[in-house]
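Residue numbering restarts at 1 for every chain, and letters A, B, ... go by the order of the sequence lines. Please read these numbers as outputs of a predicted model, since none were measured by experiment.
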There are 2 protein chains.
Amino acid sequence: MARKRPATMADIAQVAGVSRTTVSFVLNDRTDVMIPAATRDRVQKVAAGLGYRRNAAARALATQSSGLLGLVTEIVTSPFAADVIRGAQQRAWEQERFLLIAPSEDEHAMDALAIEKLLEQRVEGILLAAAWHRAISVPDAAKDVPCVLVNCYDEKGEFPAVVPDEVTGGRRAAAALIDAGHERIGHITLTPGIPAQIGRLEGFRAELQESGLGLDDDLVCLGDATAESGYLAGRELLERADRPTAIFCGNDRIAMGLYDAAKDLGLSIPGDLSVVGFDDQEILAAYLRPKLTTVALPFAGMGAAGVSMLTSLTAGRPIQDARVLIDCPLRTRSSVGPVIP
Amino acid sequence: MARKRPATMADIAQVAGVSRTTVSFVLNDRTDVMIPAATRDRVQKVAAGLGYRRNAAARALATQSSGLLGLVTEIVTSPFAADVIRGAQQRAWEQERFLLIAPSEDEHAMDALAIEKLLEQRVEGILLAAAWHRAISVPDAAKDVPCVLVNCYDEKGEFPAVVPDEVTGGRRAAAALIDAGHERIGHITLTPGIPAQIGRLEGFRAELQESGLGLDDDLVCLGDATAESGYLAGRELLERADRPTAIFCGNDRIAMGLYDAAKDLGLSIPGDLSVVGFDDQEILAAYLRPKLTTVALPFAGMGAAGVSMLTSLTAGRPIQDARVLIDCPLRTRSSVGPVIP
DNA sequence: CTGTTAGCGCCTTCAG
DNA sequence: CTGAAGGCGCTAACAG
């Protein structure tokens, strides 16, 4: 292990026989100052020779800017958090910034402690990401730097937020079913009252309305985001004499339960029943048999968008929209088929 | 947005009417120096009043220690990377350190660029995590700080590494099947030659051997880690007159393919065939029907263990084992049943 | 016990 | 074009 003290700019200056200023200029590629190519070259050679590596802390101290971004998220409990991290991380890396992650355990408040720690590191901006689309309360400390909400929003609307476009997602689901010729289409909802449930249903209903079909409220069953509820609601809907030929599920887990219900009733998918889910839970949706057609919740995209907004803000560029809706595209697989009379 | 310059120790000193040293002492809770409770209190009050927040960069510069740990991983391409991050992140947080993540895209060399960037941030140690258990070549730069390998190892064995105990995992799978009374047990391997394939088969074979059953080489089919290969190998094994009553799959994806093969042949699981997988891919294993009994690959645990090793090293404490094996526990679900003659 | 004094490594006016 | 000098916020000897 190399034990020797890392080379500093001063070392380079000494060896190259120039001043620290000159070294700084060439190492930072400052084009505004003219430095003879010869000097420039020599400095660079010496730097490389000494194995010079810039010291981020020193630079941060001097420039008063760390190049760090903070991300607070429920990393320990939510599998979705990982995707947000991935997207945010990737975008941050592209922008030559590092992402500092701090875990949040509090459903309600996005731990103030996490934010505090991030602020000590002098992050230039903070991303608060929720595992599921909802309203959160933001600790005051978050106001000390630009702050963007991901997959959540504050009641007062004080912070810019990037959230999934649930409504359009719902429309997409409906459209897929309508396009396949279905007319009796049911829906199993998520837990009543949460933004995802409201938005998805709203879009779903709107699309049906506009297509002239309309939504029969009788075909809307309340669920609660679990496979269990999907199974139960599925049985209920499918055991009716005039059962729907297609069902839009509030999420993929519900769809999974519905698959089981259909199986138990001897109904085949998509022959007897077409199904559309929501979330596109990686492995689940792709591995159900038949593969589930579903609307994707682009967590990585939201993370990336959040970082972009943040860097705009930290650069002093004001944000265009206070609320960015991220599109939820349809992932067509094999659970939707034509109506078979 | 609070625009005013953050308070510094000097500010506190001035307001509290003491020297910066004193402030530093009380704020760092240094017990080795005796400071009157009164002074201590006053300083703390002033600090709180001013909304003081320590400046990590300044401290890092002064102490020559950043409190940062680096993690290089294939975050963009591998879903497993997320678990390593989760485990590492959590452990790092517990130890009051931040984790800096840098993406690796190179299968072979764990990008030197990522390491370079991490070193610029003066991370105190680096974790190199691979998406699948294998040998990697480590860039020289990694030697500038303590470095631990996760889910991989270097050929020369120069770096401490934490890897899954594939062999014991293979034994666990065999034991589960043996305990259920199976005697004709087959195996569909991973891609031949990789550590996981070798280790799992070795453990599997050893356990069978020791139990007196032994492994019939005829019942070992070569696969390649995909569901496709699982299906094909599955058909081959199951169409035999003396088909095995149980099969251990090199991983969960293979098991999924095997499920399909069994289904196509009209064989029920676990009635006609017992199956054990490997990896415990979250959603997949838990959601296959019937749920898959499998051996877990504890990525989060490896990440956490890696961080612990790293902090030991950075603290100057030499590492006990150069190679730590992380246990792969059996996750018992519903795909293993008794032999039905 | 507390204050004074140097740096840590880098950036940035300001002169020469 | 290049050098000298000061400061970013904090820690750590070393005196008083």
Item checked: All pairs passing salt bridge (charged side-chain N to carboxylate O under 4.0 Å, His left out) where residues 8-23 of chain A contributes a residue, at least two apart -> A:Arg5-A:Asp11

Item checked: side chain to side chain donor-acceptor pair (under 3.5 Å) pairs, two or more places apart, involving residues 49-62 of chain A -> A:Asn28-A:Arg54, A:Asn28-A:Arg59, A:Arg53-B:Glu116, A:Arg53-B:Asp144

Item checked: Angle between terminal axes - the helix from C:dC1-D:dG16 to C:dG16-D:dC1, 5 pairs each end, rounded to 10° -> 40°

Note to self: List the residues meeting side-chain contact (heavy atoms from CB on, under 4.5 Å) with B:Asp154, not counting sequence neighbours, and say none if there are none.
What the structure shows: B:Val138, B:Leu149, B:Lys156, B:Glu158, B:Phe159

Check: With sequence neighbours left out, which residue pairs that include part of residues 134-158 of chain B fulfil the ring pair (Phe, Tyr, Trp, His ring centres under 6.0 Å) condition?
Finding: B:His133-B:Tyr153

Checklist line | Partners passing side-chain contact (heavy atoms from CB on, under 4.5 Å) against A:Thr77 (at least two apart in sequence or in another chain) | finding: A:Glu74

Item checked: Set of residues satisfying side-chain hydrogen bond (donor to acceptor under 3.5 Å, both in side chains) with respect to A:Arg97, sequence neighbours excluded -> A:Glu124

Check: Quick one: side-chain hydrogen bond (donor to acceptor under 3.5 Å, both in side chains) partners of B:Thr311, sequence neighbours excluded?
Finding: B:Gln95

Notebook entry, point to check: What string of B, S and - do you get for nucleotides 3-13 of chain D, 5' to 3', when a contact is any protein heavy atom under 4.0 Å?
Noted result: BB-BBBBBBBB

Notebook entry, point to check: Where does the chain B footprint on DNA chain C start and end, counting 5' to 3' with a 4.0 Å heavy-atom cut-off?
Noted result: C:dC1 to C:dG9

Pair up each side-chain donor or acceptor in residues 38-47 of chain A with any protein partner under 3.5 Å, not counting sequence neighbours, and list the distances.
| residue | atom | partner | partner atom | Å |
| --- | --- | --- | --- | --- |
| A:Asp41 | OD2 | A:Lys45 | NZ | 3.3 |
| A:Arg42 | NH1 | A:Ala16 | O | 2.3 |

Note to self: My understanding is that only residues two or more places apart in sequence, or in another chain, count here; which of them pass ring-ring contact (aromatic ring centres under 6.0 Å, His included) with B:Phe80?
What the structure shows: B:Phe299

Next item on the list: Evaluate the side-chain proximity of A:Leu99 to B:Ile101: yes if any heavy-atom separation is below 4.5 Å, no if none is.
Entry: no

